[in-house]
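This report concerns only the one structure given below.
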Amino acid sequence: MRATKFSRVAAVYLSVILGVAAALAAPTDKVTINRVTVDVGLQADGSARITEVWDVEVQPTYLTELYQARTANSVGHIRDFTVSDEGVEMERVTPWNRDAADKFGRYGIIENSDAYELCWGLGKPGHHSYTLNY
């Protein structure tokens with residue numbers, strides 16, 4: 001009887017140890033958005049200038065980009081789109097390639113008939129302040 005109780009306890013500990021080992025071995029993509037601030041400036045011609053500042057913590061393993069989806073009805077035509085990371089402007093890639101291996105320091109836009117996807121590559125792990133202007 002004592003061996004059976006020990007076997008159950010050992011099995012529970014073994015399953016916990018294997019579960020923790022699997023969790024540690026599993027890839028973890030983590031993006032924590034601390035804050036997003038949006039500033040909208042109306043221009044004399046009726047257009048708007050929008051600035052979004054994304055304050056985030058990134059720990060990417062397989063995740064290579066972030067994106068912001070916008071319908072054409074909500075923002076109209078997007079032009080002069082730029083992205084910077086910690087004040088350093090990224091390089092625009094046209095057309096944006098979701099399957100590209102290296103998106104670090106690059107950004108782009110995907111235009112569909114009724115929507116835009118504003119895309120930018122993630123930097124190195126840690127804190128980032130991404131600024132989007134359009």
Thr37: partners by side-chain contact (heavy atoms from CB on, under 4.5 Å), with sequence neighbours left out: Arg35, Val53

Arg49: side-chain contact (heavy atoms from CB on, under 4.5 Å) partners, not counting sequence neighbours: Gln43, Asp80, Asn133

[atom1]/[X] to [atom2]/[Y] distance, rounded to the nearest 0.5 angstrom?
X: Gln68; Y: Ile78; atom1: CD; atom2: CD1; answer: 9.0 Å
X: Thr131; Y: Glu86; atom1: OG1; atom2: CD; answer: 8.5 Å
X: Glu111; Y: Asp114; atom1: CD; atom2: CG; answer: 12.0 Å

Let me check something: do [X] and [Y] share a hydrophobic cluster, defined by ILVMFWY side-chain heavy atoms less than 4.5 Å apart, either directly or through other members?
X: Ile50; Y: Val83; result: yes
X: Val36; Y: Leu63; result: yes
X: Leu118; Y: Val88; result: no

Please evaluate residues Tyr130 and Val56 with respect to the criterion side chain to side chain contact (heavy atoms under 4.5 Å, CB included), reporting the C-alpha separation (whole Å), side-chain torsions for both, the decisive distance (0.1 Å), and the verdict. CA-CA 8 Å; Tyr130 299 110; Val56 300; 3.5 Å; yes

Check whether any side-chain heavy atom of [X] sits under 4.5 Å from a side-chain heavy atom of [Y], and report yes or no.
X: Arg106; Y: Asp102; answer: yes
X: Thr51; Y: Leu132; answer: no
X: Asp85; Y: Met90; answer: yes
X: Thr82; Y: Glu89; answer: yes
X: Cys119; Y: Ile110; answer: yes
X: Glu57; Y: Ile33; answer: no

Are more than 12 heavy atoms, taken from residues, nucleotides or ligands other than Tyr67, located less than 6.0 Å from that residue's OH atom? no

Checking side chain to side chain contact (heavy atoms under 4.5 Å, CB included) for the pair Val58/His128: CA distance, chi angles, key distance, verdict? CA-CA 8 Å; Val58 296; His128 292 269; 3.4 Å; yes

Can you list the residues that meet the ring-ring contact (aromatic ring centres under 6.0 Å, His included) rule with Trp96, with sequence neighbours excluded? none

Testing the 3.5 Å rule here: is there a donor-acceptor pair between the side chains of Glu52 and Tyr134? yes

Can a donor-acceptor pair be found between the side chains of Asp55 and His127 at a distance below 3.5 Å? yes

For the pair Asp45 (side chain) and Ser47 (backbone), establish whether a donor and an acceptor sit closer than 3.5 Å, ignoring hydrogens and angles. yes

What do the steps show when you test Leu122 against Thr64 for side chain to side chain contact (heavy atoms under 4.5 Å, CB included), and what is the final call? CA-CA 6 Å; Leu122 292 175; Thr64 59; 6.0 Å; no

Going through the distances and angles, do Tyr107 and Glu65 end up as a side-chain hydrogen bond (donor to acceptor under 3.5 Å, both in side chains)? CA-CA 9 Å; Tyr107 72 96; Glu65 71 180 357; over 6 Å; no

Would you confirm whether the ring centroid of Phe81 sits within less than 6.0 angstrom of the ring centroid of Tyr116? no

